[in-house]
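Before I ask anything, let me first share the structure, which is written out below as structure tokens.
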Amino acid sequence: MERLQKVMAKAGVASRRRSEELILRGHVEVDGKIVREMGVKIDPAANKIKVFGKEISISAPREYIILNKPSGYLTTVKDPYNRPTVMQLVGDPEYGLFPVGRLDQKTTGLLILTNDGDLAYRLTHPKHKVAKVYEVEIRGTPDPNAIWKLRNGVVLEDGKTRPAKINIVKRTSKSSILTVTIFEGKKRQVRRMCQAINHPVIRLNRLAVGPIELGDLKPGHWRYLEADELLKLKDSLAI
Ligand code: URA
């Protein structure tokens with residue numbers, strides 16, 4: 001919900017000050033009723049606003065941002081228990097931003113947020129087989145058979161995973177670092193895949209979603225997608 005004069009200003013009707021004047025003078029209707037008092041809040045997606053009897057277009061501009069999610073934040077718009085959410089990191093969601101897909105509370109890395117429902121739907125629909133790249137540190141050293149299973153599919157309780165790309169980045173005596181690229185998005189998929197081969201995840205960080213890469217964005221920081229990134233992203237989703 002937003003203040004009426006703010007919505008009018010965003011829609012380009014007039015400045016906020018002038019919009020307030022228009023309201024006070026009785027030139028503004030919300031859902032067929034003239035509003036004269038200040039401070040009325042409206043839902044730009046649901047309410048119809050007329051100025052001088054003419055309906056104004058108030059569709060919110062589309063926004064696309066990426067966040068480097070730190071550990072400890074929930075990927076949700078609101079948490080009933082008031083735990084920290086990713087929304088607190090991107091400031092006040094003026095235009096109804098929401099996270100696309102989900103990273104577990106402990107998972108870090110690239111999260112896209114938008115108010116573009118169509119793009120979000122496509123990004124998460126298995127049909128589009130969007131590649132999601134994770135850097136994963138697992139306990140122990142997986143043998144070739146375990147890596148083969150990760151690549152070709154492991155059986156989880158909700159079905160077998162689709163073929164994945166696996167690269168071994170580093171091995172130490174206690175743990176191994178892999179990059180895992182999956183093309184679907186089962187719940188806690190990477191953690192469950194690694195658990196299934198008896199190499200539990202120590203740390204999980206998402207590096208890329210489709211053509212969008214985390215790059216050197218610092219944990220807890222966010223930025224708007226560049227125009228060329230957005231073009232590539234839309235292109236990859238046939239938008
Ligand atoms: N897979 C997981 O197990 N967790 C995530 O947060 C993302 C992918």
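Being a predicted model, the structure only gives us computed values, none of them experimental. Each ligand, and each atom within it, is numbered from 1 in the order the structure gives.
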message: Ignoring hydrogens, what is the shortest heavy-atom contact between Leu22 and Met8? Give both atom names and the distance.
response: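 Looking at all heavy atoms of both residues, the shortest contact is CD1-CE, 4.1 Å.
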field: Asp104: numbered ligand 1 atoms lying under 4.0 Å from its heavy atoms
entry: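 The atoms of ligand 1 under 4.0 Å from a heavy atom of Asp104 are 2 (C), 3 (O), 4 (N), 5 (C), 6 (O).
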message: I need the contact type for Val190 against ligand 1. Using non-hydrogen atoms and a strict under-4.0 Å cut-off, is it side chain, backbone, both or neither?
response: both
task: Below 4.0 angstrom from a heavy atom of Gln189, which ligand 1 atoms are there? Numbered from 1 as shown, please.
output: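 In order of numbering, the contacting atoms are 1 (N), 2 (C), 3 (O).
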- request: Inspect the contact between Asp158 and Lys187 and indicate whether a charged nitrogen and a carboxylate oxygen are less than 4.0 angstrom apart.
  value: no
Extract all donor-acceptor atom pairs below 3.5 Å that involve side chains of residues 97-114 and protein atoms in other chains or at least two apart in sequence.
from	atom 1	to	atom 2	distance (Å)
Asp104	OD2	Arg191	NE	2.7
Thr107	OG1	Arg191	NH2	2.8
Thr108	OG1	Leu204	O	3.2
Thr108	OG1	Asn205	OD1	2.8
Thr114	OG1	Glu63	O	2.7
Thr114	OG1	Asp116	N	3.0

- request: Measure across Thr76 and Thr85 and return the closest heavy-atom pair with its distance rounded to 0.1 Å.
  value: O-CB, 3.4 Å
- request: Provide the number and element of each atom of ligand 1 under 4.0 Å from a heavy atom of Leu204.
  value: 1 (N), 2 (C), 3 (O), 4 (N), 5 (C)
field: Residue, atom name and distance, where the atom is the protein heavy atom closest to atom 7 (C) of ligand 1
entry: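 Here the closest protein heavy atom is Tyr134 OH, 3.4 Å.
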message: Below 3.5 Å, N or O to N or O, backbone or side chain included: is there any such pair between Arg191 and ligand 1?
response: yes
field: Passing candidate, side chain to side chain contact (heavy atoms under 4.5 Å, CB included) with Leu225, options Leu231, Ile65, Leu233
entry: Leu233
Ligand 1 contact on Val201 by region, counting heavy-atom pairs under 4.0 Å: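 Val201 to ligand 1: no contact under 4.0 Å from either part.
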task: Of all the heavy-atom pairs spanning Lys160 and Asn152, show the shortest one and how long it is.
output: CE-O, 3.8 Å
field: Which of the ligand 1 atoms, numbered from 1, are nearer than 4.0 Å to a heavy atom of Thr107
entry: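 Answer, ordered by atom number: 4 (N), 5 (C), 6 (O).
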- line: Under 4.0 Å from one or more heavy atoms of Arg188, ligand 1 contributes atoms 1 (N), 2 (C), 3 (O), 4 (N)
statement: Nearest heavy-atom approach of Arg139 to His199 is O-ND1, 2.7 Å
